[in-house]
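Take a look at the structure below.
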Amino acid sequence: MSRGIVWFRNDLRIRDNEALYRAVEDFDEVIPIYVIDKGLLDVRDYGSAKMGTFRMTFILEALHNLWSRLRELGSDLIVDVGYPADVICRYAKEMEVDAVYAHKEATKEELEREKELGQTLGAAKLKFFWGHTLFHINDLPFEYQAVPDVFTAFRKKCEKYADIRPEFPAPDRISTPDLKTDEIPTLTDLNLTPSGGDRETKLFTGGEDAAWDRLNRYFWKTESLSSYKFTRNGLLGMDYSSKFSPWLAAGCISPRSIYYAVKRYEDNVKKNVSTYWMIFELIWRDYFRYVALKYGEKLFYPGGIKGENPNWEDDSELLEKWKSGKTGVPFIDANMRELNTTGFMSNRGRQNVASFLVKDLNLDWRKGAAYFEEKLVDYDVSSNWGNWAYVAGVGNDPRENRYFNIMTQAARYDGKGEYVKHWFPELSEVDQQHVHAPWTMSSADLSRLGLVDSAFAHPAVVAKQWKL
Ligand SMILES: Cc1cc2nc3c(=O)[nH]c(=O)nc-3n(C[C@H](O)[C@H](O)[C@H](O)COP(=O)(O)OP(=O)(O)OC[C@H]3O[C@@H](n4cnc5c(N)ncnc54)[C@H](O)[C@@H]3O)c2cc1C
């Protein structure tokens, strides 16, 4: 009788899960385990928690869904809180397992967890699979250490020389010993306070089923995919972009599954530049993961992978204003309010608030990245830190000193001020000309609109590039 553990990590799914698929093939009995990492619950970095409530809520929902799917297949799921090496080793010993199967991660702390487990368990008993990217690491047309430093070169070579592997089917049945599993912990058990998210602000439900519901809506029901390239810079509503990111981050759906769904859509509905662009963006996601793997802990250095020597201000009051959406610059504050209320922010918003923090407030980009780590429901180590470094000018942006002019961006992407008015109804009476710079109104108008004492009349910074 052979037995294997599947250590679920950021791969909370049954379909296209190679670690699970191989374990079912290789062992008579399979024991699925998820460890809620105590190391993430207890630690704060740059003043921000490493695990926030939006993401934890999503993960707990995903675990409930995974549990019920595993049960349908005759299996079960152990969910325990602790350090992965301790928990997995304890079960491995108690249940006399032959090996542990899991998906490999790419970033420093996640790789340390793997090393710790290998040391406690014995490396021979631990087997990893590569399952988080579109292009498999062994199919890249270069070694990962030689991943090009410019995205376009990476993309073109991958598109030309690498095939995308087929998905692994979900197992038909999983044989699992009687595990006498406990209930999955709640947020309160984990000492986390539920965030204000109510029915209106809760955008996402964790789990593989919800991931496929979202895909079915975005692709088949609304056919939003057909116009994705032209709507993806939107700010308001659910369907301007796919919103796949929370499910991809927790692994409720794989990028390969999305890729093959795009191909089915192209065959059955429409093939155009928008359907290609969805794949293009998934290649960006791959890129940041491979860059993280290539550069290791350098990604987290102040000067990033470029090894720059930046000179940031250390102004905690200013940082607090940025975090809480009280800088007085409506386009920044509205995006931060969205993040703080829902755990999500559009890509356009993320680029702007990140650039503002670094280039206009001159604060350390890592403090912004750490705050995103706490708040984002879709937090992904490589995508977050890679994008932050990119915008801060210490990452993979080939353009020197790219600057997002917040006023130009706001005018371009929120010309009528609908987005800022959505998050700040007190701006609803402000005319189009002043809505993104209310402090430029006359004192009489500020007073008439009740804004004279608000941050909007006294912004934290007015950059000279804005040319107001
Ligand atoms: C400062 C900053 C921080 C970010 N932090 C994260 C993060 O923690 N987690 C995360 O998933 N994304 C992050 N992104 C990338 C991007 O903003 C989000 O993936 C995207 O907004 C999610 O919305 P969507 O799923 O509707 O995207 P869509 O536009 O529908 O794109 C489809 C998918 O492609 C991938 N993708 C799109 N753009 C990017 C990108 N620039 N980099 C990497 N992958 C991309 C995502 O997986 C996304 O779900 C960050 C971007 C910036 C500028």
Side-chain angles (χ1 to χ4, degrees), residues 10 48 50 52 54-55 58 107 132-134 151 154-155 203-204 211 214-215 217-219 224-225 227-259 261-262 274-292 299 304 322 332 335-336 338-339 342-359 365-397 402 404 409:
N10 295 314
S48 297
K50 283 185 88 64
F54 289 119
R55 188 152 50 101
F58 187 91
T107 39
H132 292 301
T133 53
L134 201 52
F151 169 71
F154 171 84
R155 175 181 61 79
L203 302 179
F204 306 103
R214 174 64 194 159
L215 186 142
R217 177 189 157 90
Y218 196 73
F219 285 17
S224 302
L225 178 60
S227 51
Y228 165 70
K229 183 165 192 280
F230 307 99
T231 58
R232 56 180 281 276
N233 279 307
L235 300 163
L236 271 174
M238 270 313 272
D239 291 342
Y240 60 81
S241 66
S242 74
K243 307 289 201 302
F244 290 154
S245 54
W247 290 287
L248 280 165
C252 302
I253 193 166
S254 75
R256 268 194 308 236
S257 290
I258 297 175
Y259 172 84
V262 172
S274 285
T275 56
Y276 166 69
W277 217 259
M278 179 58 57
I279 295 163
F280 178 95
E281 293 298 340
L282 290 174
I283 301 177
W284 263 112
R285 182 177 171 279
D286 269 27
Y287 183 58
F288 283 118
R289 191 166 281 254
Y290 284 119
V291 166
L299 181 60
W322 177 84
I332 298 303
N335 275 291
M336 294 307 287
E338 179 177 6
L339 175 70
T342 67
F344 188 81
M345 191 194 290
S346 67
N347 185 55
R348 184 55 46 187
R350 293 179 205 208
Q351 289 176 319
N352 275 278
V353 302
S355 172
F356 181 79
L357 180 103
V358 181
K359 306 272 167 92
W365 67 279
R366 295 170 307 161
K367 294 183 180 166
Y371 190 65
F372 269 32
E373 177 164 354
E374 173 177 334
K375 289 290 167 185
L376 280 177
V377 64
D378 64 11
Y379 171 70
D380 169 275
V381 190
S382 311
S383 289
N384 189 58
W385 291 81
N387 270 289
W388 265 96
Y390 189 97
V391 177
V394 299
N396 297 85
D397 191 348
R402 185 198 295 254
F404 281 82
Q409 290 274 312

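Order of appearance sets the numbers: ligands from 1, and atoms from 1 within every ligand. Please read these numbers as outputs of a predicted model, since none were measured by experiment. Numbers here simply count residues along the sequence, with the first being 1.
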**Message:** Would you say the ring centers of F244 and F219 fall short of 6.0 Å from each other?
**Reply:** yes
**Message:** Parallel, tilted or perpendicular: which one describes the rings of F372 and W322, with boundaries at 30° and 60°?
**Reply:** parallel
**Request:** Please work out which of the three classes, parallel, tilted or perpendicular, describes the rings of W284 and Y287, given edges at 30° and 60°.
**Result:** perpendicular
Show the short N or O contacts, below 3.5 Å, that ligand 1 makes with protein N or O atoms; if there are none, say 'none'.
from: ligand 1; atom 1: 5 (N); to: N384; atom 2: OD1; distance (Å): 3.2
from: ligand 1; atom 1: 8 (O); to: D380; atom 2: N; distance (Å): 3.1
from: ligand 1; atom 1: 9 (N); to: D378; atom 2: O; distance (Å): 2.9
from: ligand 1; atom 1: 17 (O); to: N347; atom 2: OD1; distance (Å): 2.7
from: ligand 1; atom 1: 21 (O); to: N347; atom 2: N; distance (Å): 3.4
from: ligand 1; atom 1: 25 (O); to: K243; atom 2: N; distance (Å): 3.4
from: ligand 1; atom 1: 25 (O); to: F244; atom 2: N; distance (Å): 3.0
from: ligand 1; atom 1: 25 (O); to: S245; atom 2: N; distance (Å): 3.0
from: ligand 1; atom 1: 25 (O); to: S245; atom 2: OG; distance (Å): 3.4
from: ligand 1; atom 1: 26 (O); to: S241; atom 2: OG; distance (Å): 2.5
from: ligand 1; atom 1: 26 (O); to: S242; atom 2: N; distance (Å): 3.3
from: ligand 1; atom 1: 26 (O); to: K243; atom 2: N; distance (Å): 2.6
from: ligand 1; atom 1: 29 (O); to: Y228; atom 2: OH; distance (Å): 2.5
from: ligand 1; atom 1: 30 (O); to: S242; atom 2: N; distance (Å): 2.8
from: ligand 1; atom 1: 30 (O); to: S242; atom 2: OG; distance (Å): 2.6
from: ligand 1; atom 1: 31 (O); to: Y228; atom 2: OH; distance (Å): 3.3
from: ligand 1; atom 1: 38 (N); to: E281; atom 2: OE1; distance (Å): 3.1
from: ligand 1; atom 1: 41 (N); to: N387; atom 2: OD1; distance (Å): 3.3
from: ligand 1; atom 1: 42 (N); to: N387; atom 2: ND2; distance (Å): 3.0
from: ligand 1; atom 1: 49 (O); to: S245; atom 2: N; distance (Å): 3.2

**Message:** For R55, is there an ion pair with E374 - N to carboxylate O distance below 4.0 angstrom?
**Reply:** no
**Salt-bridge present (D239, R217; N to O < 4.0 Å)** = yes
**Request:** May I ask you to test the S346-N335 pair for a side-chain heavy-atom distance under 4.5 Å?
**Result:** yes
